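Contents: one structure, followed by commentary.
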Number of protein chains: 2
Amino acid sequence: MNKGRVTVIDIARAAGVSKSTVSLVLQASPLVNEVTRAKVNATIRELGYVYNRGAANLRQSASSRIIGIIVNDLTNSFFAELAVGMDMVMQSAGYVQFLSNSAESVDRQREVIASMREHGIAGLIFSPARGTEAADLKPLVASGIPVVAVVRNVVGAKVSTLFSDNYAGAKDAVRHLIALGHRRIAFLGGISNTTVFTERVQGWREALAEGGLEGPNSLVIATTASRAGGVAAIERALLLPEPPTAALCFNDAAAFGVCDGLRAAGKEPGRDFGVVGFDDVIEAETAVPALTTVSVDPQGMGRRAAQLLLKQINAGRVEPEAIVSSVRLVVRQSCGAGSSDKTRRISA
Amino acid sequence: MNKGRVTVIDIARAAGVSKSTVSLVLQASPLVNEVTRAKVNATIRELGYVYNRGAANLRQSASSRIIGIIVNDLTNSFFAELAVGMDMVMQSAGYVQFLSNSAESVDRQREVIASMREHGIAGLIFSPARGTEAADLKPLVASGIPVVAVVRNVVGAKVSTLFSDNYAGAKDAVRHLIALGHRRIAFLGGISNTTVFTERVQGWREALAEGGLEGPNSLVIATTASRAGGVAAIERALLLPEPPTAALCFNDAAAFGVCDGLRAAGKEPGRDFGVVGFDDVIEAETAVPALTTVSVDPQGMGRRAAQLLLKQINAGRVEPEAIVSSVRLVVRQSCGAGSSDKTRRISA
DNA sequence: GCAGTTAATTGGATCGTTCCAAATTTGTCA
DNA sequence: TGACAAATTTGGAACGATCCAATTAACTGC
């Protein structure tokens with residue numbers, strides 16, 4: 001009996017109707033009589049039938065209810081949260097996702113995209129690996145499959161985008177540090193030749209200028225966007241002739257590293273040095289000291305990206321759309337302001 | 001021209017051969033003449049043909065090169081790393097994965113499994129959501145699809161399993177703390193009614209007994225398996241009449257929380273209190289102090305789980321297999337031993 | 001030059017579903 | 001009761017690939 005899968009034809013035979021009727025029942029069509037419907041449904045349960053979406057998608061009209069998601073680094077909790085947000089809305093919209101990690105490799109990314117395409121995805125959301133070119137997306141876009149790029153952009157690609165407002169976020173953060181009395185404020189961590197980095201440094205620089213302060217390049221210390229990168233950056237910063245008294249960090253991971261490095265140097269973050277992160281990952285709230293950071297709400301961003309993609313899939317025709325997701329500064333302890341009182345929020 | 005996708009028939013017509021020949025070329029069959037092969041391949045590139053795996057999988061023999069992965073909490077970096085490990089081997093084996101987050105909900109997990117099944121996965125790897133029952137997997141297993149449960153087990157389910165050696169790992173960790181001179185060693189964090197928790201507490205208890213020490217229930221403080229849970233646990237531990245001087249934590253996240261809590265109480269982890277974690281997530285190495293922890297190597301575990309699943313898929317017939325992945329204690333600073341010298345490794 | 005191989009190629013038929021047009025049943029009303 | 005409409009049901013013919021058996025083309029060796 002277990003030989004071969006159960007198909008609509010088996011159901012039809014067992015229920016004494018035609019396969020067409022079974023198909024109508026499967027699609028919950030109002031055309032079919034209640035009695036018949038009940039009988040067919042009973043048989044379906046009885047025989048343990050499983051719908052074969054692959055077969056259904058074969059007919060040219062159908063679009064597949066599968067989407068692709070590729071992130072550049074799933075081990076980074078920012079991207080993991082992003083993926084979780086997407087997963088949530090995709091799941092409740094009745095979609096399944098191919099979810100892959102490009103690990104920052106354009107080759108792997110290309111392979112994954114090709115593979116997903118062969119499997120017939122209805123759309124793609126991805127945070128591009130460093131070095132992604134418009135050409136990598138060309139065929140996908142040309143075939144009319146909606147694509148949403150998140151977090152990072154791909155120059156020249158005709159795809160929808162969803163970025164956070166890096167410039168405004170960095171500016172607000174630095175303004176806050178200036179308001180707290182800091183005069184030498186560094187920018188620590190991150191990889192320099194990326195758009196995100198450039199935008200955040202730009203915000204940092206303009207806020208300093210606005211406050212009549214200097215923003216020399218020596219205060220911008222690029223390393224990597226990780227905890228280890230944060231440690232390295234603060235170590236170098238403290239060796240400067242005129243060391244900073246506060247820093248905006250490229251992201252939360254780097255900010256945690258900066259806190260680690262400060263402690264290793266005998267300084268207490270928040271009290272002896274103002275630290276501000278970027279992203280607002282979950283641990284930011286529970287860390288000690290709680291991290292003051294620019295909240296990007298990665299899950300929310302993931303959800304918005306997913307909704308955007310679904311909208312485009314349903315719309316049929318793809319009209320690239322660029323969304324900038326606003327951010328807000330969440331003041332906690334690490335900047336030296338929130339001291340004892342509970343988390344306070346400043347709208348950006 | 002963009003109306004409808006390009007199919008083997010289009011290629012065949014354009015290249016002046018039959019669709020069967022095109023099919024043979026696609027499968028790199030040695031039967032076809034080199035000249036013909038070149039001509040067909042050229043036409044394929046020229047027309048921008050994309051292979052339709054859905055159609056190919058329709059034929060009963062074919063198995064799908066899609067597998068399913070479900071994790072209970074992707075925002076936890078342990079599971080994110082696990083997923084990345086799986087992704088790596090699946091990708092190089094030419095598979096794509098549906099990867100979903102059950103968020104600890106058995107209902108969502110059930111839905112996702114059903115959906116994946118309809119899409120024709122060749123196998124499933126998952127870390128069961130709390131409360132998963134054997135019945136949830138019954139239909140999948142009955143249809144002969146290999147299933148591998150990782151990290152947590154599902155009582156009564158006939159599936160393959162891959163767990164880390166929680167018992168031995170906990171025992172080694174506590175032995176090490178005893179060797180460092182600690183006499184009151186707590187077990188902090190985690191959710192009490194889980195197998196993993198029970199096994200680790202068991203190891204803790206036996207190591208204490210072995211060292212002639214007491215292991216009262218008051219020293220086992222269950223909260224949650226998170227950073228916040230660690231903070232809460234150490235707070236309660238320090239209020240005990242006879243507070244502990246060291247602790248084995250349920251996992252690294254909790255251990256970081258314990259460090260945070262210690263600092264908030266004016267104690268320096270490593271110097272004033274021995275802290276040992278469990279998992280060895282990436283941040284464990286770069287944290288300050290570097291975390292002494294039982295290394296589970298989540299990525300490696302993910303890779304092994306993926307290899308096990310692939311083996312079963314290729315084997316055809318499914319014979320459930322139980323693998324216990326060995327662990328080893330990685331001594332760093334947080335336990336008070338590694339003090340100044342670099343990370344030292346003790347094999348378990 | 002021809003039988004006997006070997007190498008290459010090729011029409012169906014098939015996988016499990018959907019969809020259309022046509023057929024059947026049921027219901028309504030004069 | 002018969003004509004007509006509405007409600008249900010139903011055979012095929014797709015969809016895009018694979019695979020088998022059968023055909024055709026290209027080589028042997030004598």
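Since this is a predicted model, take the numbers as computed values, not measurements. Below, read A as the first sequence line, B as the second, and so on, with proteins coming before strands; counting in each chain starts at 1.
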Quiz item: For the residue pair B:Pro128 and B:Val154, what are the closest heavy atoms and their distance?
Solution: CG-CG2, 3.5 Å
Quiz prompt | Between A:Ser127 and A:Asn72: side-chain donor-acceptor atoms closer than 3.5 Å | solution = yes
Quiz item: Taking DNA chain C as the partner, which of residues 35-44 of chain B come within under 4.0 angstrom of it by heavy atom?
Solution: B:Thr36
Quiz item: In whole angstrom, what separates A:Leu58's CG from D:dA14's P?
Solution: 14 Å
Quiz prompt | Residues from residues 9-20 of chain B lying under 4.0 Å of DNA chain D - heavy atoms | solution = B:Lys19, B:Ser20
Self-check item: Atom of A:Ala129, atom of A:Thr132 and distance for their closest heavy-atom approach
Solution: O-OG1, 2.5 Å
Quiz item: Please give, in whole Å, the distance from C:dA21 P to A:Leu31 CG?
Solution: 14 Å
Quiz item: Among C:dT18, D:dT8, D:dT18, which nucleotide sits nearest the side chain of B:Tyr51?
Solution: D:dT18
Quiz item: Of B:Val8 and A:Glu34, whose closest DNA chain D nucleotide lies nearer the 5' terminus?
Solution: A:Glu34
Exercise. Search all heavy atoms of B:Val159 against all heavy atoms of B:Ala149 and return the closest pair with its distance.
Key: CG2-CB, 4.1 Å
Quiz item: Rounding to a whole Å, what distance do you find between B:Arg59:CZ and C:dG16:P?
Solution: 10 Å
Quiz item: Within the pair A:Thr21 and D:dT10, is there a side-chain N or O less than 4.0 Å away from OP1 or OP2?
Solution: yes
Quiz item: Which whole-number value in Å describes the distance from A:Asn52 CG to D:dG16 C1'?
Solution: 14 Å
Practice problem: Compute whether any side-chain donor of one residue and acceptor of the other, for B:Arg152 and B:Thr195, lie under 3.5 angstrom apart. | Solution: no
Quiz prompt | Side-chain N,O (A:Gln27) to OP1/OP2 (C:dC19) below 4.0 Å | solution = yes
Quiz item: So B:Ser143 and B:Arg117, side-chain hydrogen bond (donor to acceptor under 3.5 Å, both in side chains) or not? Walk me through it.
Solution: CA-CA 10 Å; B:Ser143 63; B:Arg117 208 148 93 88; 3.3 Å; yes
Practice problem: Round to the nearest Å and state the distance from B:Leu47 atom CG to D:dG16 atom C1'. | Solution: 15 Å
Quiz prompt | Criterion side-chain hydrogen bond (donor to acceptor under 3.5 Å, both in side chains) on A:Ser77 and A:Glu81, from CA distance to verdict | solution = CA-CA 6 Å; A:Ser77 52; A:Glu81 299 245 356; 5.9 Å; no
Quiz prompt | Minimal non-hydrogen separation, B:Ser102 against B:Ile70, with atom names | solution = CB-CG2, 3.9 Å
Quiz item: Could you give the CZ-to-C1' distance, from B:Arg5 to D:dA17, as a whole number of Å?
Solution: 11 Å
Quiz item: Does the pair A:Arg130 and A:Asp73 meet the rule for a salt bridge (charged side-chain N to carboxylate O under 4.0 Å, His left out), with working shown?
Solution: CA-CA 11 Å; A:Arg130 242 189 296 289; A:Asp73 182 9; over 6 Å; no
Practice problem: Return the value, rounded to whole Å, for the distance between atom CG of B:Asn57 and atom C1' of D:dG16. | Solution: 12 Å
Quiz item: Out of C:dG16, C:dT10, D:dA17, which nucleotide sits closest to the side chain of B:Leu24?
Solution: C:dT10
Quiz prompt | Side-chain touch A:Val96/B:Glu111, heavy atoms, less than 4.5 angstrom | solution = no
Quiz item: How do B:Val32 and B:Ala55 order along DNA chain C: which one's closest nucleotide is nearer the 5' end?
Solution: B:Val32
Quiz item: So does B:Arg53 get a side-chain nitrogen or oxygen closer than 4.0 Å to the phosphate oxygens (OP1/OP2) of D:dA17?
Solution: no
Quiz item: With respect to the side chain of B:Asn33, which nucleotide from C:dA8, C:dT18, C:dC15 is positioned closest?
Solution: C:dA8
